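To keep things clear, I will list the structure first and then write my remarks on it.
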Amino acid sequence: MTSPNNTEEKSAPTPEEEKQAAPARHGLVLILLILASVLTFTYPLPFKVAAIAFAIAAVVWSIRYIIAVVKAKQKRNMSLGILGGLLAIYLIFSTMSSVVLWPVQSKYEECVRDAITQQAQLSCTTEYQTGLGDWFKQITGQDLDLPGTK
């Protein structure tokens with residue numbers, strides 16, 4: 001046990017020790033960014049946009065993580081960076097689809113939030129599918145054929 005008045009100096013980590021510890025630090029930050037992105041993705045629409053920012057940061061951090069793993073010669077740990085980057089890209093595209101469908105999506109989220117019965121939730125889903133069909137027809141000029149709607 002060391003006393004508070006101990007004058008022993010703690011040596012700073014060597015560059016090699018620093019290089020070996022970098023993947024663990026980058027991995028922790030990457031996991032936190034992905035977790036933040038997944039959590040904000042579950043929020044309603046105005047707040048869901050924050051998931052894009054967290055996911056973009058996670059993509060950047062996954063690249064930093066992969067570089068740190070290669071420099072530390074710990075290539076067996078590279079799967080976290082690859083999977084984290086792919087998950088972040090998936091979250092970016094999923095959130096962007098909600099943003100593109102903002103009017104239809106926000107109306108659906110509000111309807112489901114206020115629905116009490118299962119019948120009301122089914123009504124919300126039907127309205128959502130109708131809204132998607134109308135949006136698709138407005139954009140492409142063609143009818144949207146959703147499976148299970150006919």
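If you're wondering where the values come from, they're calculated on a predicted model, not measured in any experiment.
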Worksheet item: Hey, are the side chains of V49 and T95 touching, using non-hydrogen atoms and a 4.5 Å cut-off?
Response: no
Fill in: Shortest non-hydrogen contact from A88 toward V59
CB-CG2, 3.6 Å
Worksheet item: At their closest point, which heavy atom of L45 faces which heavy atom of S98, and how far apart are they?
Response: CD1-O, 3.9 Å
Fill in: Atom of F41, atom of A51 and distance for their closest heavy-atom approach
N-CB, 3.8 Å
Item to complete: Output the distance between atom CG (L35) and atom CG (L39), rounded to the nearest 0.5 Å.
Response: 4.5 Å
Worksheet item: Atom CG in L87, atom OG in S62: separation rounded to 0.5 Å?
Response: 10.0 Å
Worksheet item: Are K107 and Y128 in a cation-pi contact, defined as NZ or CZ under 6.0 Å from the six-membered ring centre and within 45° of the axis?
Response: no
Worksheet item: When hydrophobic residues are tied together by side-chain contacts of less than 4.5 Å, even through go-betweens, does I89 share a cluster with Y65?
Response: no
Fill in: Value rounded to 0.5 Å, distance of CZ in R25 from CZ in R64
9.5 Å
Fill in: Heavy-atom closest pair, residues G81 and L30
CA-CD2, 4.0 Å
Discussion item. side-chain contact (heavy atoms from CB on, under 4.5 Å) for S94 and Y90? Distances and angles first, verdict last.
Written reply: CA-CA 6 Å; S94 296; Y90 170 76; 3.4 Å; yes
Discussion item. According to a hydrophobic-cluster definition based on side-chain heavy atoms being under 4.5 Å apart (Ile, Leu, Val, Met, Phe, Trp, Tyr only), do W61 and I52 belong together?
Written reply: no
Worksheet item: According to a 4.5 Å side-chain heavy-atom criterion applied to Ile, Leu, Val, Met, Phe, Trp and Tyr, with indirect links allowed, do Y43 and L101 form part of one hydrophobic cluster?
Response: no
Fill in: Shortest non-hydrogen contact from V69 toward M78
CG1-N, 4.1 Å
Discussion item. Is there a continuous path of hydrophobic side-chain contacts, each under 4.5 Å between heavy atoms, that joins I56 to V99?
Written reply: yes
Worksheet item: Can you check whether Q119's main-chain N or O pairs, donor with acceptor, with S123's side chain at less than 3.5 Å?
Response: no
Item to complete: Kindly indicate whether the side chain of L80, heavy atoms from C-beta on, has any atom under 4.5 Å from the side chain of I31.
Response: yes
Worksheet item: Side-chain contact, heavy-atom cut-off 4.5 Å: Q105 with E110?
Response: no
Worksheet item: Mind checking whether W135 and I139 have side chains closer than 4.5 Å, heavy atoms only?
Response: yes
Worksheet item: Taking T40 for the side chain and A36 for the main chain, is one N or O donor matched with an acceptor at less than 3.5 Å?
Response: yes
Worksheet item: Is there side-chain contact between Q121 and I116, with at least one heavy-atom pair below 4.5 Å?
Response: no
Worksheet item: Quick check: are there more than 12 heavy atoms from other residues, nucleotides or ligands sitting under 6.0 Å from CE of M96?
Response: no
Discussion item. Any non-hydrogen side-chain atom of V104 less than 4.5 Å from a side-chain atom of Y108?
Written reply: no
Worksheet item: Would L91 and V38 satisfy side-chain contact (heavy atoms from CB on, under 4.5 Å), going step by step from the backbone distance to the final call?
Response: CA-CA 7 Å; L91 287 168; V38 168; 3.6 Å; yes
Item to complete: Check the hydrophobic clustering (I, L, V, M, F, W, Y; side-chain heavy atoms under 4.5 Å; chains of links allowed) and say if I63 and L86 are grouped together.
Response: no
Worksheet entry | Atom pair NZ (K137) and CG (D134), whose distance is rounded to the nearest 0.5 Å | 9.0 Å
Discussion item. Working to the nearest 0.5 angstrom, can you tell me the gap between S37 OG and L32 CG?
Written reply: 12.5 Å
